[in-house]
Protein chains: 2
Amino acid sequence: MADTLERRAGRPAKNVLSRDLILATAITVLNRTGPEDFTMAALAKELGVKTPALYHHVGGKNDILAGMRQFVTAGIDYGVFKTLPWDEATVIWARSYRAAFAAHPYAISLLATVPVTGAHPTLVMYEEVSKGFRAAGWPEAKIVSAMVALENFILGSALDAVAPPDMMEPGDFAPDVPVYTNALRAGEGADPQLSRADQAFELGLAALVAGLAAFK
Amino acid sequence: MADTLERRAGRPAKNVLSRDLILATAITVLNRTGPEDFTMAALAKELGVKTPALYHHVGGKNDILAGMRQFVTAGIDYGVFKTLPWDEATVIWARSYRAAFAAHPYAISLLATVPVTGAHPTLVMYEEVSKGFRAAGWPEAKIVSAMVALENFILGSALDAVAPPDMMEPGDFAPDVPVYTNALRAGEGADPQLSRADQAFELGLAALVAGLAAFK
DNA sequence: ACCTGAACACCGTTCAAGT
DNA sequence: ACCTGAACACCGTTCAAGT
């Protein structure tokens with residue numbers, strides 16, 4: 001709560017809000033309350049303001065969701081394509097990409113479906129990745145497909161990473177699916193350092209990079 | 001509209017609704033209206049009924065969303081693991097999996113984030129895939145990771161498939177990202193039969209399967 | 001221009017009343 | 001048990017009034 005003082009109607013001497021403040025606070029509120037309770041009223045309350053005040057700085061709730069994307073994706077490291085071979089760079093990029101989304105568990109569920117439509121930061125990332133791939137000798141026509149395939153895997157993995165940990169548990173149905181249940185248990189013992197989701201991500205990432213190298 | 005006749009209050013002689021009818025109609029309404037306009041009122045209207053009547057057969061809107069999943073996933077073909085080698089079976093399974101979700105463009109955005117938590121049909125699919133992998137000599141501890149990695153890629157690809165086609169267009173920023181723009185154009189000419197999303201999916205699927213085979 | 005206060009249409013859900 | 005009708009709390013958004 002930024003301000004508990006009462007405020008009477010009329011323009012205040014100093015602005016209480018700004019677009020950036022609203023977006024940054026939105027991320028905080030969303031991560032605390034979850035998507036269900038992420039309302040304009042809850043956001044306004046956190047900012048110490050009445051709900052309609054928000055509309056002086058943002059277009060509405062959809063505008064806020066779209067604007068939050070840049071805060072989430074700010075942690076993605078695509079600079080490595082300048083210095084490392086494409087396959088090593090891809091692994092680092094993919095891990096930071098997944099981690100950036102997984103750090104905002106509720107944001108991802110809201111952003112996964114909201115289209116990006118030519119956001120500048122995303123395009124800059126595409127440019128850097130494309131450069132890295134081309135410098136490594138990738139044929140022009142396959143670069144975007146390879147990059148998108150990696151992105152698809154990363155986004156799916158981020159959704160998996162924020163899913164409830166018991167999501168794949170057979171529970172009472174275990175006797176019906178013995179082979180799967182055994183495989184699940186065997187996988188748990190494989191590497192105690194990594195979660196089930198982490199293991200799947202690392203195996204898939206290694207496989208995808210190796211496979212792409214072969215199809216280059 | 002199932003019924004335009006007026007109906008007075010009180011229990012009708014014959015039931016108008018059932019859980020299955022509500023779920024099947026929900027899919028239809030959602031695919032027509034989109035997630036924004038998919039309301040209990042719109043669903044009730046399509047069924048020729050007042051909104052509160054729905055609550056006699058389903059727990060609420062979340063229950064409806066969860067129940068819709070089985071209708072969406074009904075088209076997934078995992079029977080091929082019984083007859084084909086694991087890598088060929090995986091390709092067919094993955095294509096049908098992505099197609100099933102892509103056939104319900106709005107459902108996927110709502111279902112991508114709703115956890116499955118031990119739904120029986122999903123577990124049966126996991127069992128069949130696990131059996132196929134084990135029969136092919138996969139080590140027990142890696143089966144689930146490989147399957148989940150594939151699922152992550154498939155789900156991400158399905159989201160990509162239903163995204164607006166111009167989502168990756170640089171638009172006015174093209175001069176800022178020349179390498180990416182060139183690669184995008186080169187990719188478009190590569191195979192006129194396949195969409196940009198299809199090309200990325202097919203390349204990624206082939207790479208992932210080949211890579212997994214190498215890491216088996 | 002930027003805040004509050006009042007109001008609007010709509011949402012999911014509950015519950016009494018009717019058959 | 002299963003429908004309608006009326007009601008509830010809450011949602012995002014608009015707009016006049018105040019400074």
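Below, chain A is the first sequence line, B the second, and so on; all start at residue 1.
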| task | Look at atom NZ of B:K61 and say whether more than 12 heavy atoms of other residues, nucleotides or ligands are closer to it than 6.0 Å. | result |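 More than 12 within 6.0 Å, yes.
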| message | Are there over 12 heavy-atom neighbours, none belonging to A:Y106, within less than 6.0 Å of that residue's OH? | response |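 Incorrect, the count does not exceed 12.
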Starting at [atom1] of [X] and ending at [atom2] of [N], how long is that distance when rounded to a whole Å?
X: A:K45; N: D:dC10; atom1: NZ; atom2: P; value: 11 Å
X: A:D37; N: D:dG12; atom1: CG; atom2: P; value: 11 Å
X: A:E36; N: C:dG12; atom1: CD; atom2: C1'; value: 11 Å
X: A:L54; N: C:dA1; atom1: CG; atom2: C1'; value: 16 Å
X: B:Y55; N: D:dT4; atom1: OH; atom2: P; value: 14 Å
X: B:L65; N: C:dG12; atom1: CG; atom2: C1'; value: 12 Å
X: A:I22; N: C:dC3; atom1: CD1; atom2: C1'; value: 12 Å

Side chain of [X] only, heavy atoms from C-beta on: which candidate in [options] is closest?
X: B:V16; options: C:dG12, D:dT14, D:dC3; answer: D:dC3
X: A:M40; options: D:dG12, C:dC15, C:dC11; answer: D:dG12
X: A:P52; options: D:dC15, C:dT14, C:dC11; answer: D:dC15
X: B:N15; options: D:dC2, C:dT13, C:dC3; answer: D:dC2
X: A:K50; options: D:dA6, C:dT4, D:dG12; answer: C:dT4

| Out of A:F133, A:Y78, A:F81, which one pairs with A:W86 under the ring-ring contact (aromatic ring centres under 6.0 Å, His included) rule? |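 Among A:F133, A:Y78, A:F81, the one meeting ring-ring contact (aromatic ring centres under 6.0 Å, His included) with A:W86 is A:F133.
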| query | 5'-most contact on DNA chain C: A:K14 or B:A42, nearest heavy atom basis? | reply |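 With A:K14 and B:A42 compared, the 5'-side residue is A:K14.
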Is [X] close enough to [N] that one of its side-chain N or O atoms is under 4.0 Å from OP1 or OP2 there?
X: B:K61; N: C:dG12; value: yes
X: A:R7; N: C:dC3; value: no
X: A:H57; N: C:dC3; value: yes

| request: Map every base of DNA chain C to its dot-bracket character, where paired means a Watson-Crick or G-U wobble contact with both distances under 3.5 Å and | marks a partner outside the strand. | output: ||.|||||...|||||.||
| said: For a salt bridge (charged side-chain N to carboxylate O under 4.0 Å, His left out) check, start with the C-alpha distance between A:D37 and A:R32, then their side-chain angles and the critical distance, and finish with the verdict. | reply: CA-CA 9 Å; A:D37 296 327; A:R32 187 183 55 226; over 6 Å; no
| message | Rounded to the nearest 0.5 Å, what separates atom CD1 in A:I64 from atom OG1 in A:T25? | response |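 The CD1 atom of A:I64 sits 10.0 Å away from the OG1 atom of A:T25.
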| request: Keeping the roles fixed (side chain from B:E127, backbone from A:Y180), state whether a donor-acceptor pair exists under 3.5 Å. | output: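 Confirmed, B:E127 side chain pairs with A:Y180 backbone.
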| With no hydrogens and no angle check, is any side-chain donor or acceptor of B:T28 less than 3.5 Å from a backbone partner on B:A24? |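 Present.
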| query | Looking at the rings of A:F153 and B:F153, which for Trp means the six-membered one, are their centres under 6.0 Å apart? | reply |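 Distance test on ring centres: not under 6.0 Å, no.
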Could you run down the sub-3.5 Å N/O contacts of the protein with nucleotides 17-19 of chain D?
| from | atom 1 | to | atom 2 | distance (Å) |
| --- | --- | --- | --- | --- |
| D:dG18 | N2 | A:G10 | N | 3.2 |
| D:dG18 | N2 | A:G10 | O | 3.4 |
| D:dG18 | N2 | A:R11 | N | 2.2 |
| D:dG18 | N3 | A:G10 | N | 3.3 |
| D:dT19 | O2 | A:R11 | N | 3.1 |

| task | Please determine, by modelled atom types, if A:Y97 and A:E151 share a side-chain donor-acceptor pair under 3.5 angstrom. | result |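 Yes, side-chain donor-acceptor contact under 3.5 Å.
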Donor-acceptor contacts, no H, no angles, side chain residues 70-77 of chain B, under 3.5 Å, sequence neighbours left out:
| from | atom 1 | to | atom 2 | distance (Å) |
| --- | --- | --- | --- | --- |
| B:T73 | OG1 | B:R69 | O | 3.0 |
| B:D77 | OD1 | B:G79 | N | 3.2 |

